[in-house]
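Only this structure's heavy atoms are used, side chains among them; waters, hydrogens and symmetry mates stay out. FYI, the numbering just counts along the sequence from 1.
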Amino acid sequence: GAGEMISQLLERGYLLVVKGRDARTARKLAAQILPNEWQRVDAHLRAAEAHTTRIHGCPFDVRLVVCERTNERGLMSYYILVTNLQVSTYAAVALVQFYNARQTIEAFNKVVDNVLYLTHLRTGSITANEAVAQFAMLAHDFLSWSAHRFFTGTPYDGIAIREWVQKGLH
């Protein structure tokens, strides 16, 4: 389970921030939080420190930050961030923002993979990944222009770039 995985990461000395998957547990922890303990992250998200430091399957104390998201219809959903980062380093709001920024990078990489077919980007930097994506888009534009410029009126007129590249490589 998740507790065992977190235990392994902590035993190896890793710093971590992971999202808990059990919404029911998150709701139970949220019910214990007093109204004045919630801190606003943005217009639809609040965060608070949980009153417990234990999760099932993990013998270590961890920090739990409960997040409450309100959708456009006013319905609330809950999730937990599990971390070993200190409050003095990342207060609840800063921790949520840090986690959400990481999610933004993951979402960007997913789009780059699905749209540009760039898998396994070898950088850990969003700036470097953006540069790779821009080069890929420039290459695509160049190939599109080349295909139109050089193949108009030939049997290859209208050839798809992917097909052109594949035929050129074989």
**Q.** Between OG1 on residue Thr52 and NZ on residue Lys28, distance to nearest 0.5 Å
**A.** 12.5 Å

Q | OH-CD distance between Tyr14 and Gln8, expressed to the nearest 0.5 angstrom | A | 10.5 Å

Who passes side-chain contact (heavy atoms from CB on, under 4.5 Å) against [X], sequence neighbours left out?
| X | answer |
| --- | --- |
| Thr152 | His148, Asp157 |
| Ala91 | none |
| Thr154 | Phe151, Tyr156 |
| Phe150 | Trp145, Ser146 |

(Q) Is there a side-chain contact between Leu64 and Thr53 in this structure, where contact means two heavy atoms from C-beta onward sitting under 4.5 Å apart? (A)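 Answer no - side chains too far apart.
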
Q.
Quick check: is Met76 connected to Ile33 through a chain of hydrophobic side chains (ILVMFWY, heavy atoms under 4.5 Å apart)?
A.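 In one cluster: yes.
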
Q) With sequence neighbours excluded, what pairs up with Arg27 under the salt bridge (Lys or Arg N to Asp or Glu O under 4.0 Å) test? A)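 If we apply the salt bridge (Lys or Arg N to Asp or Glu O under 4.0 Å) test to Arg27, skipping adjacent residues, there are no hits.
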
**Q.** Thr83 (side chain) donor-acceptor with Leu16 (main chain) under 3.5 angstrom
**A.**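 Checking the backbone N and O of Leu16 against the side chain of Thr83, a donor-acceptor pair under 3.5 Å is found.
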
**Q.** Side-chain hydrophobic cluster, 4.5 Å single linkage: members besides Leu81
**A.**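 Via sub-4.5 Å side-chain contacts, Leu81 links to Leu15, Val17, Val41, Leu45, Val65, Tyr79, Leu85, Tyr90, Val93, Leu95, Val96, Phe98, Tyr99.
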
Q.
Set out, in order, the CA-CA distance, both residues' side-chain angles and the distance that settles side chain to side chain contact (heavy atoms under 4.5 Å, CB included) for Phe60 and Ser7, then state yes or no.
A. CA-CA 7 Å; Phe60 302 103; Ser7 294; 4.2 Å; yes

(Q) Restricting to side-chain hydrogen bond (donor to acceptor under 3.5 Å, both in side chains), what partner residues turn up for Asp22, sequence neighbours left out? (A)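 Partners of Asp22 by the side-chain hydrogen bond (donor to acceptor under 3.5 Å, both in side chains) criterion, ordered by chain and then number, come out as Thr25.
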
Q: Go through Val66 and Leu29 one step at a time and tell me if the side chain to side chain contact (heavy atoms under 4.5 Å, CB included) criterion holds.
A: CA-CA 7 Å; Val66 181; Leu29 292 172; 3.8 Å; yes

Q) Is it true that atom CD of Glu11 has more than 12 heavy atoms of other residues, nucleotides or ligands lying nearer than 6.0 Å? A) yes

Q) How would you list all residue pairs meeting side-chain hydrogen bond (donor to acceptor under 3.5 Å, both in side chains) that involve residues 31-44, not counting sequence neighbours? A) Glu37-His51

Q.
I need the full list of salt bridge (charged side-chain N to carboxylate O under 4.0 Å, His left out) pairs touching residues 64-84, with sequence neighbours left out, sorted by first then second residue.
A.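 Matches after skipping sequence neighbours: Arg46-Glu68.
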
Q: Only pairs at least two apart or in different chains count here, so list each salt bridge (charged side-chain N to carboxylate O under 4.0 Å, His left out) that has a residue in residues 55-64.
A: Glu49-Arg63, Arg54-Asp61

Q: List the atom of Ile55, the atom of Gly3, and the distance in Å for their closest heavy-atom pair.
A: CD1-CA, 4.1 Å

